[in-house]
2 protein chains.
Amino acid sequence: MRALSTTPFVDERAVESCCPPLSERPLSSEEAEAAAQLFKALGDPIRLRLLSAIASHKDGEACVCDVSDVGVSQPTVSHHLRRLREAGLLISERRGTWIYYRVDPATLAAMGRILSAASAKA
Amino acid sequence: MRALSTTPFVDERAVESCCPPLSERPLSSEEAEAAAQLFKALGDPIRLRLLSAIASHKDGEACVCDVSDVGVSQPTVSHHLRRLREAGLLISERRGTWIYYRVDPATLAAMGRILSAASAKA
DNA sequence: GCTCTATATTGACATATCTCGAATCAGAGT
DNA sequence: ACTCTGATTCGAGATATGTCAATATAGAGC
């Protein structure tokens with residue numbers, strides 16, 4: 001199992017620089033920028049369907065061919081998978097002919113943390 | 001005049017038509033479309049800062065003047081608040097001279113549900 | 001080497017989004 | 001009535017994003 005960039009490669013891992021609960025305190029500009037990258041990655045119906053298809057697939061992973069049936073061209077699917085990977089939401093790995101994707105649960109959890117109620121102030 | 005609607009007014013309330021956990025099953029096209037509207041609303045750093053400023057403000061509410069200090073013009077702030085309101089994330093109410101915004105916790109909770117691990121399948 | 005299949009990248013175009021200044025609306029108080 | 005202030009809407013320009021067809025890359029197998 002080698003890696004085809006097991007890790008994302010931009011300034012990704014936005015996770016590490018954001019993610020306190022929204023109601024804990026006003027987000028800093030940097031935190032907001034990092035968090036926005038994550039939410040932007042989920043702000044497209046095709047990407048949500050790809051992510052959901054992978055997350056719900058057997059063993060939590062799927063090759064591109066398993067999830068390509070979303071109504072757009074193959075390059076477009078590839079483009080969206082790349083965006084999800086660059087956001088840190090997906091991890092990819094080549095095994096022989098196929099490339100398998102799976103969800104990075106840490107990133108998903110970080111996003112959930114932002115949305116969590118934290119300590120209600122009222 | 002459509003009034004400063006306390007309730008959103010598009011086909012909003014996307015909440016009602018989406019939101020199963022991502023890993024439960026592949027999202028339908030309609031569910032993905034509805035959920036994407038929600039995530040798109042959070043996919044901007046200014047909107048995240050506005051939402052966070054409101055959520056963390058005293059009593060969980062704030063007037064525009066309380067949160068306008070995010071580095072963009074006042075019309076731009078208004079535009080972003082409107083987008084958050086149309087997504088169902090904010091509720092607005094005029095009281096005298098000021099208009100107060102507060103977070104709709106149900107919408108936030110629905111988004112959190114999508115991200116939740118649900119039943120891990122592997 | 002060659003070919004076949006699976007996936008990624010490039011380049012171009014159309015649409016969506018963010019932003020601003022200017023204008024407008026709404027309520028409070030004189 | 002007028003004016004002042006808080007907030008929204010309008011119109012336009014710049015940038016970002018989604019999409020495709022064409023091309024390229026990578027591995028398997030002959």
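Residue numbering restarts at 1 for every chain, and letters A, B, ... go by the order of the sequence lines.
Atom CG of Asp69(B) and atom P of dG6(D) are 14 Å apart (whole Å). What separates CZ of Phe39(A) from P of dA16(D) is a distance of 22 Å, to the nearest Å. As rounded to whole Å, 11 Å separates atom P of dA16(C) from atom CD of Gln37(B). Between Arg95(A) atom CZ and dA28(D) atom C1' there is a gap of 16 Å when expressed in whole angstrom units. Look at CZ on Arg94(B): it is 5 Å from P on dG27(C), rounded to the nearest Å. The CG-P distance, from Leu50(B) to dA7(D), rounds to 12 Å in whole Å. One interatomic measurement links the two molecules: CD1 of Ile46(B) to P of dT17(C), which rounds to 17 Å at whole-angstrom precision. For the pair Arg49(A) CZ and dG18(D) C1', the computed distance is 15 Å after rounding to whole Å.
Minimum interatomic distance between Leu27(B) and Ala32(B) (heavy atoms only, all atoms of both residues): CD1-CA, 4.2 Å. Residues Val70(B) and Arg49(B) approach most closely at O-NH1, 3.6 Å, considering heavy atoms.
A heavy-atom distance below 4.5 Å is found between the side chains of Val77(B) and Val72(B). Between Asp59(A) and Arg102(A) there is no side-chain heavy-atom pair separated by less than 4.5 Å.
Position along DNA chain C of the nearest nucleotide to Ser73(B) versus Lys40(B) favours Lys40(B) as the more 5'-ward residue.
Among dT7(C), dT19(C), dT19(D), the nucleotide with an atom closest to any side-chain atom of Trp98(A) is dT7(C). The side chain of Arg82(A) approaches dT9(C) more closely than any other nucleotide in the set dT9(C), dG18(D), dT19(D). Closest to the side chain of Asp44(A), from the set dG18(D), dC20(C), dG6(D), is dG18(D). Closest to the side chain of His79(A), from the set dT8(D), dT9(C), dG18(D), is dG18(D).
No hydrogens or angles were tested; on distance alone, a donor-acceptor pair under 3.5 Å links the side chain of Gln74(A) to the base of dA8(C).
The side chain of Thr76(A) contributes no N or O atom lying less than 4.0 Å from OP1 or OP2 of dT19(D). Between Tyr100(B) and the phosphate of dA7(D), there is no side-chain N or O to OP1/OP2 separation shorter than 4.0 Å. Distances shorter than 4.0 Å separate none of the side-chain N or O atoms of Thr97(A) from OP1 or OP2 on dA28(D). Within the 4.0 Å cut-off from OP1 or OP2 of dT19(D), at least one side-chain nitrogen or oxygen of His80(A) is found. Listed pair Arg47(B) / dC18(C) meets the phosphate criterion, a side-chain N or O lying under 4.0 Å from OP1 or OP2.
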Open item on the list: Let's go through Leu90(A) and Ile54(A) carefully: what are the C-alpha distance in whole Å and the side-chain angles of both, what is the deciding distance for side chain to side chain contact (heavy atoms under 4.5 Å, CB included) to 0.1 Å, and is it a yes or a no?
Closed with: CA-CA 9 Å; Leu90(A) 286 181; Ile54(A) 293 166; 3.8 Å; yes

